[in-house]
Amino acid sequence: MIEPRVLYPGSFDPLTLGHLDLIQRAVALFGSVEVAVAENSSKLALFSVEERLEFLRAETGAMPVKVEHFRGLVVEHARARGIAILLRGIRTVTDFEYEYQMAMTNRQLAPDVDTAFIMPSEDYAYLSSRLIKEVYAAGGELRRFLPERVHAALTARLRRTN
Ligand code: PNS
């Protein structure tokens with residue numbers, strides 16, 4: 001059983017190829033990673049937490065990756081798991097502002113937990129779950145941004161609602 005020392009928290013709604021790229025990089029750097037799906041995201045959800053966990057587990061099944069979910073503060077979840085490193089992806093300067101605020105707030109809440117940043121492949125540097133939701137709502141083609149099973153689930157959902 002792997003016991004990752006680094007926690008990658010997020011909404012993963014939906015899981016994108018950019019997230020998977022980051023997970024692969026985290027595994028290469030740290031040997032293993034725990035991915036933590038936040039339950040209390042205020043954003044309008046596309047997939048339930050259970051569905052997001054399923055997608056993550058299916059896509060990372062062959063890797064030394066643990067997938068969990070959490071409610072409440074991410075630093076408390078990290079502490080409870082005995083993990084002192086949070087991992088986040090930074091794509092753009094705009095990301096930096098938000099990530100900096102979050103990292104500093106988390107540091108105030110838990111000085112024993114630090115945040116490390118990884119840049120995703122330039123292929124995915126522009127990719128965001130928020131824009132994917134927007135393209136989905138407008139009926140745009142999303143295949144190139146998503147793992148096949150996530151894309152298939154979205155397509156099936158569109159068929160049901162049309
Ligand atoms: O993928 P996202 O939506 O950018 O991830 C944001 C997330 C889930 C990491 C962040 O909202 C979070 O950590 N939420 C849990 C509640 C919490 O600890 N909030 C304080 C962060 S400063």
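Start at 1 and go down the list; that is how both ligands and their atoms are numbered.
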Test of proximity, Ser11 against ligand 1: N or O pairs below 3.5 Å: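 Indeed, backbone or side chain, Ser11 has an N or O that close.
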
Short N or O distance, Asn106 and ligand 1, threshold 3.5 Å exclusive: no

Going by an N to O cut-off under 4.0 Å, is there a salt bridge joining [X] and [Y]?
{"X": "Glu54", "Y": "Arg149", "result": "no"}
{"X": "Arg157", "Y": "Glu51", "result": "yes"}
{"X": "Lys133", "Y": "Asp13", "result": "yes"}
{"X": "Arg143", "Y": "Glu148", "result": "yes"}

Point-to-point distance, once rounded to the nearest 0.5 Å, from CG of Leu7 to CG of Leu86: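 So the CG of Leu7 and the CG of Leu86 are separated by 6.0 Å.
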
CZ-CD distance between Arg52 and Glu39, expressed to the nearest 0.5 angstrom: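 So the gap between those two atoms works out to 9.0 Å.
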
Which of the atoms in ligand 1, numbered in the order shown and given with their element, are less than 4.0 Å from a heavy-atom of [X]?
{"X": "Phe70", "value": "15 (C)"}
{"X": "Gly10", "value": "1 (O), 5 (O), 8 (C)"}
{"X": "Ala38", "value": "8 (C)"}
{"X": "Met102", "value": "10 (C), 21 (C), 22 (S)"}
{"X": "Thr105", "value": "22 (S)"}

Residue portion contacting ligand 1 (non-hydrogen atoms closer than 4.0 Å) for Gln101: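 The answer is neither.
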
Tyr98, portion touching ligand 1 at heavy-atom distance under 4.0 Å: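 Just the side chain.
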
Of Asp21, Ile23, Leu29, the residue whose pairing with Arg25 passes side chain to side chain contact (heavy atoms under 4.5 Å, CB included):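 Exactly one candidate clears the test, Asp21.
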
Whether Ser121 side chain and Asp123 backbone form a donor-acceptor pair below 3.5 Å: yes

Minimum non-hydrogen distance to atom 18 (O) of ligand 1, winning option of Val74, Val37, Thr115: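 Result: the heavy atom closest to atom 18 (O) of ligand 1 is in Val74.
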
Option nearest atom 15 (C) of ligand 1 (shortest heavy-atom distance, choices Ser129, Pro9, Gly72):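 Result: the heavy atom closest to atom 15 (C) of ligand 1 is in Gly72.
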
Glu76 touching ligand 1 at heavy-atom level, < 4.0 angstrom: no

Whether Ala103 lies under 4.0 Å from ligand 1, heavy atom: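 Flag not set, Ala103 not near ligand 1.
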
Short side-chain donor-acceptor distance under 3.5 Å, Gln24 and His19: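 Distance-only check fails for His19 and Gln24.
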
